[in-house]
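Structure, as C-alpha cells:
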Amino acid sequence: MSKLYIVPTPIGNLKDITFRAIEVLQTVDLILAEDTRTSGKLLKHYEITTPMQSHHMHNEHRTVEHIINRLSQGEQIALISDAGTPAISDPGFLLVRACVAGGIEVDCLPGATAFVPALVNSGLPNDKFVFEGFLPVKKGRQTRLLALAEEQRTIIFYESPHKLLKTLTSFVEYFGEDRLVSVSRELSKLHEETIRGTVKEVLTHYENKPPKGEIVIVVGGKK
C-alpha cells in the first residue's frame, strides 16, 4: 500500500534516531534525501542499503509529480532531510501537500528537531511559543521584526553562524537590549553550548567569541 513516510534524522548525535525510523528506512522502496552525501553517512552507519534520490529546495518543484506517480503505483517512500524533521525549515511541505491532495497516506514519525531542546533549555516560558524559522534576508525583514516586537509569546528562530551578530543587533534595535534571549548551538554535538542573558549581553559574548555551528535563538516575548 502506497505511503509517504516523513522520517526525522539526528541533528548531530547519530544515536538520536528511533528504532522505528531505522526500520522504515530499511524497508521502503526509496529514500528522498536533501543531500545524498550527508544522508549516505547516516545510512552507512546503520547499514541501510535502500536507494536514495535527491529532493531539496532547488528541485522539489520539479520532482514532486514524479514522486507522486511512484507513490500512486503502490510504492512506499521515505523523506529525510540533512538533520531534524523534514518540512521544518527544510523541504517537505510541497510533497506532503501533493500527497494529501492525491489521497496518498502520509505518516510523520516523531523524532529529532532542533528547536524543541533549545526551547526547553532556554529557561524562557514554553507554554506558548511562536516558531519563526529563518528571518527574511532582505525583503520583508524589517516588517517582520516590527510585527514580532509586539509578540508576547516566546519566539524561536533558526540562524546561521555568520548572520548571528547581524540578527542579534537587529534584536537590540527592534526588541530592546534588555529583552531576554537564549542562543543554543551545536545541539547534541560535542561542543554544544547555550548562552543566556539579555540581547545586549549575548551580543557582547559573540562579538568576543565568533560562533560556529547551527544555531537556534529563543527570544522572550514582550512583557
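Residues: numbered from 1 along the sequence shown.
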> Of the non-hydrogen atoms in Ala112 and Asp16, which two are nearest, and what is the gap between them?
Replying inline: CB-O, 4.2 Å
> Between Tyr5 and Val28, is any pair of side-chain heavy atoms under 4.5 Å apart?
Replying inline: yes
>> My understanding is that only residues two or more places apart in sequence, or in another chain, count here; which of them pass side-chain contact (heavy atoms from CB on, under 4.5 Å) with Met57?
In response: Glu60, Pro91
>> Other residues, nucleotides and ligands only: do more than 12 of their heavy atoms fall within 6.0 Å of CD on Glu207?
In response: yes
> Is there side-chain contact between Asn126 and Val218, with heavy atoms separated by less than 4.5 Å?
Replying inline: no
>> Please check: side-chain N/O of Thr154 versus main-chain N/O of Phe129, any donor-acceptor pairing under 3.5 Å?
In response: no
>> Please check this pair: side chain of Ser188 against backbone of Asn13, looking for a donor-acceptor N/O pair closer than 3.5 Å.
In response: yes
> Which pair of non-hydrogen atoms, one from Val24 and one from Ala78, has the smallest distance, and what is that distance?
Replying inline: CG1-CB, 4.4 Å
>> Keeping Asn121 on the side-chain end and Ala118 on the backbone end, is there a donor-acceptor pair under 3.5 Å?
In response: no
>> Ignoring hydrogens, what is the shortest heavy-atom contact between Arg97 and Leu94? Give both atom names and the distance.
In response: NH2-CD2, 3.2 Å
>> To check you understand the geometry: which heavy-atom pair defines the closest contact between Arg196 and Val202, and what is its length?
In response: C-CG2, 3.9 Å
>> Could you check whether any side-chain N or O of Glu34 sits under 3.5 Å from a backbone N or O of Asp82, counting only pairs where one atom can act as donor and the other as acceptor?
In response: yes
> So how far is it from Ser184 OG to Ile156 CD1, rounded to the nearest 0.5 Å?
Replying inline: 10.5 Å
>> Is there a side chain to side chain contact (heavy atoms under 4.5 Å, CB included) between Ser122 and Thr194? Walk through the geometry before answering.
In response: CA-CA 8 Å; Ser122 72; Thr194 296; 5.9 Å; no
> Should we count CD of Gln142 as having more than 12 external heavy atoms under 6.0 Å?
Replying inline: no
> Ignoring hydrogens and geometry, is there a side-chain-to-backbone donor-acceptor pair from Asp29 to Ile77 under 3.5 Å?
Replying inline: no
>> Are Ile11 and Thr113 packed together at the side-chain level, in the sense that at least one heavy-atom pair is separated by less than 4.5 angstrom?
In response: no
>> I'd like to know if Lys222 and Glu151 make a salt bridge, using a cut-off of under 4.0 Å between side-chain N and carboxylate O.
In response: no
> Which residue pairs satisfy the salt bridge (charged side-chain N to carboxylate O under 4.0 Å, His left out) criterion with at least one member in residues 116-137, sequence neighbours excluded?
Replying inline: Glu132-Arg144
> Minimum heavy-atom separation for Ile67 to Leu95, with atom names?
Replying inline: CG2-CD1, 3.8 Å
> Hey, what do you get for CD1 (Ile217) to CD1 (Ile195), rounding to the nearest 0.5 Å?
Replying inline: 13.0 Å
> Side chain of Arg20, backbone of Pro110: donor and acceptor closer than 3.5 Å?
Replying inline: no
>> Does Ile80 form a side chain to side chain contact (heavy atoms under 4.5 Å, CB included) with Leu25? I'd like the steps, not just the answer.
In response: CA-CA 9 Å; Ile80 60 177; Leu25 294 177; 3.9 Å; yes
> Looking at side-chain heavy atoms only, is the closest gap between Lys163 and Ser160 below 4.5 Å?
Replying inline: yes
> Atom NZ in Lys3, atom CG in Leu71: separation rounded to 0.5 Å?
Replying inline: 11.5 Å
> Of all heavy-atom pairs between Pro161 and Lys212, which one has the smallest distance, and what is that distance?
Replying inline: CB-CA, 4.1 Å
> Taking it one step at a time, do Leu148 and Phe175 satisfy side chain to side chain contact (heavy atoms under 4.5 Å, CB included)?
Replying inline: CA-CA 8 Å; Leu148 290 172; Phe175 301 162; 4.0 Å; yes
> Can you tell if the side chain of Glu173 reaches within under 4.5 Å of the side chain of Thr169, non-hydrogen atoms only?
Replying inline: no
>> Over 60° means perpendicular and under 30° means parallel, so tell me whether Phe134 and Tyr158 are parallel, tilted or perpendicular.
In response: perpendicular
> Within a strict 4.5 Å, meaning less than it, do heavy atoms of the Leu180 and Leu124 side chains meet?
Replying inline: yes
> Does a side-chain heavy-atom distance below 4.5 Å link Cys99 with Ile68?
Replying inline: yes
> Which distance, rounded to the nearest 0.5 Å, do you find between the CD of Glu75 and the CG of Leu30?
Replying inline: 7.0 Å
>> Closer than 3.5 angstrom, by distance alone: can the side chain of Tyr46 be matched with the main-chain N or O of Gln26 as a donor-acceptor pair?
In response: no
>> Evaluate Arg37 against Ser54 for side-chain hydrogen bond (donor to acceptor under 3.5 Å, both in side chains), listing each step before the verdict.
In response: CA-CA 10 Å; Arg37 294 165 299 180; Ser54 290; over 6 Å; no
>> Test your reading of the model: is there a side-chain donor-acceptor pair from Thr9 to the backbone of Ser81, 3.5 Å cut-off?
In response: yes
> Under 4.5 Å between any side-chain heavy atoms of Ser170 and Arg141, yes or no?
Replying inline: yes
> If you measure from CG on Leu119 to CD1 on Ile155, what distance do you get to the nearest 0.5 Å?
Replying inline: 12.0 Å
